[in-house]
Protein chains: 2
Amino acid sequence: MSANPKRLDRIDIGILNQLQHNARITNAELARAVNLSTTPCFNRVRALEKLGLFKQHVTLLDPEPLGLSINVFIQVSLEKQVEDALQRFEQAISEQPEVMECYLMSGDADYLLRVVMPDMRALERFIIERLTTIPGVSNIRSSFALKQVRYKTALPLPSAGLTLVDPNGNRTEWE
Amino acid sequence: MSANPKRLDRIDIGILNQLQHNARITNAELARAVNLSTTPCFNRVRALEKLGLFKQHVTLLDPEPLGLSINVFIQVSLEKQVEDALQRFEQAISEQPEVMECYLMSGDADYLLRVVMPDMRALERFIIERLTTIPGVSNIRSSFALKQVRYKTALPLPSAGLTLVDPNGNRTEWE
DNA sequence: CATGAAACGAACAGATG
DNA sequence: CATCTGTTCGTTTCATG
């Protein structure tokens with residue numbers, strides 16, 4: 001029960017999907033893609049922006065030619081899972097540029113990291129000099145990705161009728 | 001020993017880093033950020049583009065208000081790891097929009113997936129209707145992310161002097 | 001929401017130092 | 001590479017139907 005559970009129609013969702021795949025599309029192109037004229041399309045984009053739906057517009061680089069194609073998943077256990085230890089770990093991990101993703105996992109109360117590395121030497125140094133030196137880290141297990149089969153950033157949106165989750169309560173509805 | 005092991009200087013790397021964080025930066029702003037005038041900056045961006053370093057310009061959406069904040073990691077084992085079975089699995093998995101990432105892992109010759117879901121019901125349906133129905137899938141183990149501590153798309157580039165890896169051979173050097 | 005007009009800024013190309 | 005010129009094009013706002 002929130003004040004304004006904003007709903008997105010199929011045009012809004014079309015706009016989001018276009019932008020998810022091309023952040024540099026011009027307003028004119030975007031308008032054509034969703035069957036609007038430029039003015040209302042422009043207004044909708046601004047409205048979606050004001051709703052805070054856009055996190056960032058980013059350029060994805062190809063890791064291959066840059067020599068950063070090694071993906072390693074690292075599972076990290078902490079000695080004691082008190083709130084304070086978790087916070088310090090998360091802080092420390094967020095300062096490492098090689099850490100692309102970090103999740104607090106259920107079950108073992110572990111962390112799961114995805115890191116990118118140029119070679120094995122760098123991985124070794126990262127683990128020894130940057131991970132094990134974080135206070136509270138007790139166990140580390142790493143597994144290598146032989147191949148990145150899929151990597152995408154576009155969220156799977158429904159085709160129409162999406163009710164936004166209000167910041168406090170959580171009413172989501174798919175139609 | 002390839003024909004043209006192109007090297008990027010610190011300005012090129014500065015451009016890449018700017019674009020990694022803001023795909024919509026104007027050429028004028030970009031030029032100022034890397035201490036160039038607009039013309040050579042523009043030419044460098046074009047050159048980097050022609051080298052194939054840009055994969056995509058994308059808009060990252062906030063999963064929270066869209067009701068897609070549940071991240072689940074799923075480990076999948078296949079019955080037999082013959083090339084043909086792998087290929088069919090990868091094909092099938094790439095058609096599922098909820099699968100954000102998929103890696104072929106070393107060791108157990110498993111796959112590791114990250115999928116996003118609106119709720120548990122959807123996860124259950126995904127696993128039962130979409131995963132176990134892929135021929136050759138033998139074992140599935142899923143673990144939930146309680147919290148996304150970090151998620152970024154920007155690759156960690158060296159501060160200067162990066163030799164690109166040529167498509168065939170692989171000579172990478174960091175200075 | 002569509003249309004059309006108008007002002008502003010940016011992209012892009014070319015020439016010079 | 002910097003600076004300058006100029007054209008083209010897209011953005012953004014506004015007034016009208």
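Residue numbering restarts at 1 for every chain, and letters A, B, ... go by the order of the sequence lines.
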In whole Å, I'd like the distance from the [atom1] atom of [X] to the [atom2] atom of [N].
X	N	atom1	atom2	value
A:Asn27	D:dT12	CG	C1'	9 Å
B:Asn43	C:dC12	CG	P	11 Å
B:Arg32	D:dC1	CZ	P	18 Å
B:Leu30	C:dC12	CG	C1'	15 Å
B:Arg44	C:dC12	CZ	C1'	18 Å
A:Phe42	C:dC1	CZ	P	15 Å

Could you check whether atom CZ of A:Arg88 has more than 12 heavy atoms from other residues, nucleotides or ligands sitting under 6.0 Å from it? yes
Taking any heavy-atom pair under 4.0 Å as a contact, classify B:Thr26: base, sugar-phosphate, or nothing.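 Since only primed, P, OP1 and OP2 atoms lie under 4.0 Å of B:Thr26, the category is sugar-phosphate.
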Taking for each residue the nucleotide of DNA chain D bearing the nearest heavy atom, is the 5' side occupied by A:Ile25 or by A:Thr39? A:Ile25
Could you list all the side chain to side chain donor-acceptor pair (under 3.5 Å) pairs where at least one residue sits in residues 44-54 of chain B, not counting sequence neighbours?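 Listed once each, the pairs are B:Asp9-B:Arg44, B:Asp12-B:Arg44.
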Between A:Tyr103 and A:Tyr111, does the ring centroid distance fall short of 6.0 Å? no
So does B:Arg46 get a side-chain nitrogen or oxygen closer than 4.0 Å to the phosphate oxygens (OP1/OP2) of C:dA11? no
When you measure from the side-chain N and O atoms of A:Arg24 to the phosphate of C:dA10, is any distance below 4.0 Å, counting only OP1 and OP2? no
Stepwise side chain to side chain contact (heavy atoms under 4.5 Å, CB included) check, A:Leu131 with A:Ile93: CA-CA 8 Å; A:Leu131 260 190; A:Ile93 220 59; 3.7 Å; yes
In terms of side-chain heavy atoms of B:Leu36, which of C:dA2, D:dC1, C:dA11 is nearest?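 For the B:Leu36 side chain, the nearest candidate turns out to be D:dC1.
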